[in-house]
Amino acid sequence: MPGEETSDPYRVWLSEVMLQQTTVAAVTPRFERFLARWPTVEALAAAADEDVLSEWAGLGYYARARNLIACAREVAGRGGFPDTEEELRKLPGIGGYTAAAIAAIAFGRRAVVIDTNVERVVARLHGIDVPIAEAKDRIRELADALTPQVGAGDFAQAMMDLGATICRPRAPECTKCPLSPDCKAFASGEPERFPAPKRKLVRPTKHGIAQWIERDGCIWLIRRPAKGMLGGMAALPGPEWTADTANEGPALARVTHVFTHFRLELDIVAASEPEREGWWQALSQISDAGLPTLYRRAIDAVLESRTKLAA
DNA sequence: GACGCGTGGCA
DNA sequence: TTGCCAAGCGT
């Protein structure tokens with residue numbers, strides 16, 4: 001974990017994968033639960049897929065969990081984590097950042113660890129005012145030049161801490177920054193202009209229907225296809241989401257959920273019979289179902305409207 | 001290089 | 001309320 005002194009590659013790997021695009025605050029309690037349940041990579045490798053996906057529920061980017069399982073099995077099969085950046089990079093779910101971070105933090109290798117924090121710090125330091133995507137190679141050269149031969153892992157964590165707390169995207173606290181005397185962005189008087197912002201993404205709205213099939217205090221859940229949105233996760237049954245308005249009839253509830261690249265308006269409608277493979281999940285134990293946030297919110301919305309009607 | 005892929009916090 | 005952003009990866 002951030003700031004934690006550790007060299008156990010399993011812990012470093014697990015925390016780094018969890019932290020991909022996910023905040024420390026969100027990860028910390030989940031990391032502890034994961035570790036308590038599967039203390040070693042061998043234990044994780046032996047776990048059932050659905051148990052791991054369920055434990056990951058709510059963390060998002062579920063391909064990470066699928067890759068985590070595949071990676072754990074590969075590592076357990078070969079008797080442990082490889083200790084070089086090059087070999088780590090070949091494992092599922094381990095890209096350039098994570099391979100470098102594990103090599104440096106867990107194995108004490110010199111590796112150039114580049115995440116968005118490092119990119120921003122370096123871009124400001126050197127006054128790079130084009131979008132990051134156009135300056136990847138230049139930033140790598142500059143980050144390489146900054147990285148010490150010994151202690152690359154500590155250096156990387158220090159750079160990431162600097163980026164997260166002082167050299168923030170907005171309202172950087174340059175007066176507290178040890179690099180400000182050498183920083184071109186600070187010298188410009190407008191450090192926030194560096195690097196140039198990414199192009200804004202358009203977020204269309206999609207519509208969907210989820211079926212509420214209830215019997216004896218249980219609802220019918222299904223498992224989504226292994227690939228694509230919420231791949232492999234537990235879900236309410238229903239047709240694929242579309243760009244068109246899908247439902248004009250009565251709904252038990254509607255939830256709006258924002259994904260990375262679209263907004264979803266999901267109507268939950270009553271249905272009588274299961275139409276595909278799945279299982280009955282007791283509503284009293286719905287939190288054990290491993291539902292991603294979209295479906296957890298959908299079910300909460302139905303139960304809440306029911307409570308209000310009864311009141 | 002660009003896009004698909006979740007979620008929650010914050011201004 | 002809306003948009004931005006987060007210790008990225010796979011295709």
Side-chain angles (χ1 to χ4, degrees), chain A residues 1-4 11-31 53 56-68 70-71 88-102 104-106 111-121 130-137 143 153-165 167-172 192 195 197-206 224-233 235 241 255-264 266 291-297:
Chain A
M1 295 300 294
E4 181 182 337
R11 289 184 179 227
V12 174
W13 164 70
L14 182 59
S15 63
E16 290 297 343
V17 172
M18 282 190 170
L19 285 164
Q20 289 166 7
Q21 298 288 285
T22 309
T23 58
V24 172
V27 164
T28 301
R30 309 300 299 270
F31 174 77
L53 292 173
W56 197 274
L59 271 178
Y61 286 134
Y62 298 101
R64 291 184 297 171
R66 303 194 297 270
N67 286 328
L68 195 80
C71 185
L88 287 160
R89 181 67 181 78
K90 296 175 182 172
L91 292 166
I94 298 185
Y97 162 78
T98 305
I102 297 173
I105 296 168
V112 182
V113 181
I114 301 175
D115 75 327
T116 56
N117 289 301
V118 175
E119 287 175 343
R120 184 173 56 257
V121 171
V130 299
I132 290 289
E134 297 173 27
K136 289 280 186 188
D137 292 345
D154 289 343
F155 174 78
Q157 298 201 36
M159 286 286 276
M160 293 189 284
D161 285 345
L162 183 69
T165 60
C167 194
R168 302 175 299 205
R170 280 172 296 191
E192 220 177 294
K198 289 178 289 192
R199 275 209 316 281
K200 202 167 55 174
L201 59 93
V202 290
R203 195 135 50 190
T205 296
K206 290 188 181 183
R224 293 177 60 85
K227 294 187 176 182
M229 284 293 299
L230 309 177
M233 299 302 290
W241 312 325
V255 292
T256 298
H257 193 72
V258 180
F259 293 109
T260 304
H261 58 293
F262 63 93
R263 171 190 313 272
L264 177 68
L266 184 69
L291 288 162
T293 299
L294 167 67
Y295 292 110
R296 181 179 55 69
R297 289 186 54 216

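Residue numbering restarts at 1 for every chain, and letters A, B, ... go by the order of the sequence lines.
- Proximity of a side-chain donor or acceptor of A:Arg30 to a complementary backbone N or O of A:Ala57 within less than 3.5 Å is detected.
- Residue-to-nucleotide contacts include a donor-acceptor pair under 3.5 Å from the side chain of A:Thr260 to the base of B:dG6.
- No close placement of the A:Phe259 and A:His261 rings is indicated, their centers lying 6.0 Å or farther apart.
- Taking atom CG of A:Asp115 as the reference point, atom C1' of C:dC9 lies 14 Å away to the nearest angstrom.
- Distance CZ (A:Phe259) to C1' (B:dC5): 10 Å, rounded to an integer number of Å.
- Looking at the side chain of A:Tyr97, the nearest of the listed nucleotides B:dG6, C:dA6, C:dC9 is C:dC9.
- Atom pair A:Tyr61:OH and B:dC3:C1' shows a separation of 11 Å (rounding to whole Å applied).
- Here A:Thr293 lies in heavy-atom contact (under 4.0 Å) with sugar-phosphate atoms only.
- Rounded to an integer number of Å, the gap from A:Arg30 CZ to C:dA6 P is 22 Å.
- Note: CZ (A:Arg199) to P (C:dC4) measures 13 Å, nearest angstrom.
- Across all strands, A:Leu59 comes closer than 4.0 Å to base atoms (heavy-atom distances).
- Ranking B:dG6, C:dG8, C:dC5 by closeness to the A:Thr116 side chain, first place goes to C:dG8.
- Taking atom CG of A:Leu264 as the reference point, atom P of B:dG4 lies 16 Å away to the nearest angstrom.
- When each of A:Arg89, A:Glu16, A:Gln20 is checked for a side-chain hydrogen bond (donor to acceptor under 3.5 Å, both in side chains) with A:Thr98, only A:Gln20 meets the rule.
- Looking at heavy-atom distances under 4.0 Å, A:Gly96 makes contact with sugar-phosphate atoms alone, never a base.
- Heavy atoms of A:Met229 sit under 4.0 angstrom from primed sugar atoms or phosphate atoms, though from no base atom.
- Within the 4.0 angstrom heavy-atom criterion, only backbone atoms of the sugar-phosphate kind lie near A:Arg296; the bases stay farther away.
- An OP1 or OP2 oxygen of C:dA6 is reached within less than 4.0 angstrom by a side-chain nitrogen or oxygen of A:Arg120.
- Straight-line distance from the NZ atom of A:Lys198 to the C1' atom of C:dG3: 12 Å, rounded to whole Å.
- Among the protein residues, A:Gly58 comes within range of the sugar-phosphate backbone only, with heavy atoms under 4.0 Å from sugar or phosphate atoms but none that close to a base.
- Contacts of A:Arg66 with the nucleic acid, taken as non-hydrogen atoms under 4.0 Å apart, are absent.
- In this structure, A:Glu192 contributes its side chain and A:Arg170 its backbone to no donor-acceptor pair below 3.5 Å.
- Straight-line distance between the P atoms of B:dG6 and C:dT11: roughly 14 Å, to the nearest whole Å.
- Contact annotation for A:Ala133: backbone-only contact, meaning every heavy-atom pair under 4.0 Å involves sugar-phosphate atoms and none involves a base.
- For A:His261, whose side chain is taken as the heavy atoms from C-beta onward, the closest listed nucleotide among C:dA6, B:dT7, B:dC5 is B:dC5.
- In this structure, A:Lys227 and A:Leu201 both approach DNA chain C, and ranking their closest nucleotides by distance from the 5' end singles out A:Leu201.
- Candidate nucleotides C:dA6, B:dC5, C:dC4 were compared by shortest atom distance to the side chain of A:Phe262, and B:dC5 ranks first.
- Using a 4.0 Å heavy-atom criterion, one finds that A:Ala101 contacts no nucleic acid atom at all.
- The gap from the P atom of B:dC3 to that of C:dC4 amounts to 16 Å, rounded to the nearest Å.
- Looking only at atom types and distance, the side chain of A:Arg64 has no donor-acceptor partner in the side chain of A:Asn67 under 3.5 Å away.
- Considering only side-chain N and O atoms, A:Gln21 lies under 4.0 angstrom from the phosphate OP1 or OP2 of C:dG8.
- No side-chain donor-acceptor contact under 3.5 Å links A:Arg224 and A:Tyr62.
- Relative to the side chain of A:Thr98, the nucleotides B:dG6, C:dC9, C:dA6 differ in distance, and C:dC9 lies closest.
- Taking the nucleotide of DNA chain B with the nearest heavy atom to each of A:Arg203 and A:Glu134, the more 5' of the two is matched to A:Glu134.
- Among the heavy atoms of the strands lying under 4.0 Å from A:Val258 is at least one base atom, whether or not backbone atoms are also near.
- Backbone-only contact: A:Pro92 has heavy atoms under 4.0 Å from sugar-phosphate atoms and none from a base.
- We find that NE2 of A:His257 is positioned 12 Å from C1' of B:dC5, with the value rounded to whole Å.
- Although no hydrogens or angles enter the test, the distance criterion places no donor-acceptor pair under 3.5 Å between the side chain of A:Arg120 and the main chain of A:Pro195.
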